[in-house]
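Have a look at the structure below before the remarks.
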Amino acid sequence: MEHLNDSILPMLGNLHEHINFLADISNVKDPDLLGQIQGAWNHFVKTGQIWALFIGVVLGYMFKTLTSYG
């Protein structure tokens, strides 16, 4: 019986966190998820961060290629 209590109590201890998470979901202010993704992407492109991503990928690939053996 002690083993059963040891396995159930941690789950019950986190029960309030799951209930709070469900309450947070019900209080969504802006349900337009695709619009938020589009806005974030536009901001990413407008600020030039996309160029840093491309340059980082190219340099990282070159570094990996030059440092790998075989």
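Atoms considered below: every heavy atom in the structure, side chains included; atoms not considered: hydrogens, waters and symmetry mates.
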Response to the item:
With Gln49 as partner, the option from Leu53, Thr47, Val45 fulfilling side-chain contact (heavy atoms from CB on, under 4.5 Å) is Thr47

Worksheet item: What about Ile55 and Ile50, same hydrophobic cluster or not, with Ile/Leu/Val/Met/Phe/Trp/Tyr joined at side-chain heavy-atom distances under 4.5 Å?
Response: no

Worksheet item: Say you draw a straight line from CG of Leu59 to CZ of Phe54; how long is it, rounded to the nearest 0.5 Å?
Response: 13.5 Å

